[in-house]
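Everything quoted here is computed from the prediction, not taken from an experiment. All values below come from the heavy atoms of this structure, side chains included, with hydrogens, waters and symmetry mates left out.
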Amino acid sequence: MIIRELMDGIRKLDMVLPEFQREYVWLREQAKQLIVSLYLGYPTGSLLFWKTDNPPDIKNMTIPRDKIGTTLVILDGQQRLTTLYLLTRGEIPPYYREEDINTDPRSLYFDLETGDFQYYQAMRMRNNPTWVAVTDCFPSSRINPFEVAKQKLTPGQDPFKLAQCYNDNLTRLRNILERDYPIQIVPSSAHIDDAINVFDRVNSLGTKLTDADLALAHITGKWPQARQVMKEKIRELESKRFTFDLTFMVRSLTGVVNGRGLFETIHQTPPQDLKKGWDRLNKILDYLVTLLTGHAHIHSADDLNSTNVLVPAVVYLAHHNGRFENDHEMRRFIHWMYAASAWARYTSQTDQRLDHDISIIQRIESPWKELVDAIIEQRGRIEVKPSDMEGRVGNHPLYRIAFIMANDHGAIDWFNGSPLDSTHGPSYAIQSHHIFPTSLLYSQGGYDSENHLHKKIVNEIANRAFLTGDSNVSLGNTEPAQYLPKIEKRYPGALIKQFIPQDPNLWKVDRFENFLAARRRLIADAINERMDELLADLERPRPQTLEQMLAGGENPILEFKSSLRWDLRTQQVNSDLQKSVAKTVAALMNFEGGTLLIGAANDGTIIGIENDFKTLKRGDKDGFEQTLHQVLVDYIGAEFTQYIHVSFEESGGHIVCVVRVEPSPKPVYITDKGGKEFYIRAGNTTRPLDVQATHDYINMHWET
């Protein structure tokens, strides 16, 4: 069949694309080489169609009744046919939509003079009339070789000879449409699974199908809407900053339906099981994304070394009614996930390791210890050592874990004060800032930009701070000793939250490697402490005495505040501090309850609330408690004060207010002039959630 007839057949729906086929995945270079081969008369293979009286669902259309039995279903050659349709018709074929074309080859140009093909380059082609768009070459009226020759004519040239050259090349290109393409037909007696098997075999010779592609082909062969349903879910989760692909969706569905990590195990799954499995997976993904944001300081799929670490969690949740039954299980899952990410559990032998880990989940009710043991067996340990970061740069898994830990510590952008987490807005992204600027290290630090080892040191994780997507900073040759003190003055505590050594002597260029060593230790300690904390059971009260609480430090159910209203830095009353206390109380009520100590610094030093007393009409414990009660009524409402219990303890000559908070049976909001705000506990910090995250968190924590 000649190519012109093939193009007409696609337009008339005589040839259609089944839903189980992939989208258009060819790269532009592949499209170009197809046209070059046809132009030169080289063979480009054959096409495979399936003629059937019972066609499967096809992409983006239905087959007219009068064509059933005559329509050819494209099994092999759709990338070539789509390329030819795009370039010879200038349009997207009817079986595709605009968003299905990931790489559009219609910017391919043809040189009438040389017969060369190149994608459009403005500098080369804008003022050269012999370069014409391939899509303009097929309607015969679009290009006039004689007009082009007039524009290119130089003194002494024969205009007719030049025009003839252009016309010969153009005709040769147009004659592609008259080339005969060999056709093979799968008989109508073939079943859908037979057709997919043929589809797989022939594709192994071309742009090879991945195991995920083949699995999805089998899924859509039985459930035609599967691909579009998955794509809709991908778009929905992208709006929450979690970008997954079809491979992840197919792998997760395989785990939910069959409890396996191998794609091939889903090939023969009945359609009703696929649909039921998808319904469960759909809800699990919503729950999991909310949990990652609210409890694991993971606000984007980019924060993970690989989305494969979520597949075992999906399978676990599928076997436990779609949720973690208690805080104990959730914390152990987060502990394992951090370890799996830090030690790149699934970056090699992915299928085998996933299948192994999923089998553990299938066998054991609480599988997390055994899953961690599998990582230890693979890596030798999960504890992070400072040396693990030596020479490691931004693409290493520990870079992402360091970012997660910075979020856990409430880190902010040094240059605009914005939080690094999802509350920052839709532009959320990890950006990296060299603490010691590279230009400084190369010009004054003795490092050579051409030396591979030096480049690793200069770009090491320990020389990176994290910024929001809105920060745009260029420090030139500014030494940290010059700008870090300004950051600390503007945003107190901002440096230690990103694990910056507090010795100013280490901020000088001649101490750069000492700085790296110190910061590696701080990052490793933060990771290991968080991992230990996740394994510790939360007991209430924890601990029992004031001294134990102060010694134990802040954690998800314990926070320290220096005062209720007296600003120690400005030495005056600051009403924002009252709101900060109310936010912490609301966050504890929205979490699992806990304790707030007022009169204690972040490091556990007792400051006392005597300065607050001096600001009150009644400067004693009763006056303080009345003021605190009114603050909480104003911000969270009188109905919630029944879950708050206030007492006072003395230590070292100072008075500390102990606020014990019970978990609330319903969501607690902070009411302020700007409206309602919702806060949660995330690690040892209090965090606000945006509207969508609040909705998701409430659905996960309370019956609605």
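When atom types are taken as modelled, the side chain of Thr605 and the backbone of Ala601 share no donor-acceptor pair closer than 3.5 angstrom. Remark: the backbone N or O of Asp302 is paired with a side-chain donor or acceptor of Arg400 at under 3.5 angstrom. Side-chain atoms of Asn514 do not come within 3.5 Å of backbone N or O of Leu506 as any donor-acceptor pair. A side-chain donor-acceptor contact under 3.5 Å links Asn590 to the backbone of Val668. At distances below 3.5 Å, not a single donor-acceptor pair connects side-chain atoms of Ser252 with backbone N or O atoms of Met249. In this structure, Gln548 contributes its side chain and Thr545 its backbone to a donor-acceptor pair below 3.5 Å. In this structure, Arg681 contributes its side chain and Ala587 its backbone to no donor-acceptor pair below 3.5 Å. No donor-acceptor pair under 3.5 Å is formed between the side chain of Glu390 and the backbone N or O of Ser387.
Between Arg332 and Glu329, none of the side-chain N atoms (NZ, or NE/NH1/NH2) sits under 4.0 Å from a carboxylate O, so this pair counts as no salt bridge. For Arg521 and Asp525, the salt-bridge test fails: no basic side-chain N is under 4.0 Å from an acidic carboxylate O. A salt bridge links Asp408 to Arg530: one of the charged nitrogens lies within less than 4.0 Å of a carboxylate oxygen. Ion pairing between a basic and an acidic side chain is recognised when a charged N comes within 4.0 Å of a carboxylate O; Lys455 and Asp448 show no such pairing. Using a 4.0 Å cut-off between charged side-chain N and carboxylate O, Arg520 and Glu460 make a salt bridge. The pair Asp327-Arg331 meets the salt-bridge criterion, with a side-chain N (NZ, NE, NH1 or NH2) lying under 4.0 Å from an Asp/Glu carboxylate O.
Looking at Tyr346 and Asp357, their side chains do bring a donor and an acceptor atom within 3.5 Å of each other. Side-chain contact annotation: Thr468 with Asp413, donor-acceptor N/O pair under 3.5 Å present. A donor atom on one side chain and an acceptor atom on the other are found under 3.5 Å apart for Glu677 and Tyr679. Checked by atom type, the side-chain pair His396/Asp388 shows no donor-acceptor distance below 3.5 Å. In summary, the side chains of Thr615 and Arg565 do present a donor paired with an acceptor at a separation below 3.5 Å, with no hydrogens or angles considered.
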Requested in this report: Carefully, step by step, assess Phe244 and Leu310 under the rule side-chain contact (heavy atoms from CB on, under 4.5 Å).
Outcome: CA-CA 11 Å; Phe244 300 113; Leu310 300 181; 3.8 Å; yes
Requested in this report: Before giving the answer on side-chain contact (heavy atoms from CB on, under 4.5 Å), spell out for Trp414 and Gln498 the whole-Å C-alpha distance, their side-chain angles and the decisive distance to 0.1 Å.
Outcome: CA-CA 10 Å; Trp414 289 350; Gln498 294 216 35; 3.8 Å; yes
Requested in this report: Take Lys561 and Thr584, measure what side-chain contact (heavy atoms from CB on, under 4.5 Å) needs, and give me the verdict at the end.
Outcome: CA-CA 9 Å; Lys561 293 289 183 187; Thr584 297; 3.3 Å; yes
Query - Intermediate values then yes/no, salt bridge (charged side-chain N to carboxylate O under 4.0 Å, His left out), Asp303 and Arg241 - result: CA-CA 10 Å; Asp303 295 348; Arg241 308 180 189 90; over 6 Å; no
Report task. Given side-chain contact (heavy atoms from CB on, under 4.5 Å), test Tyr338 with Trp343 step by step and report yes or no. Result -> CA-CA 8 Å; Tyr338 285 166; Trp343 297 103; over 6 Å; no
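Between Tyr669 and Phe678, the distance from one ring center to the other falls under 6.0 angstrom. Here Trp368 and Tyr316 bring their ring centres to under 6.0 angstrom of each other. Phe415 and His433 have their aromatic ring centers within a separation under 6.0 angstrom. For Phe403 and His297, the distance between ring centers is not under 6.0 angstrom. Aromatic rings from Phe466 and Tyr399 are positioned such that their centres are separated by under 6.0 Å.
Using cut-offs of 30° and 60° on the angle between ring planes, the pair Phe324 and Tyr287 is tilted.
Nearest heavy atoms, His654 versus Ile607: ND1-O, 3.3 Å.
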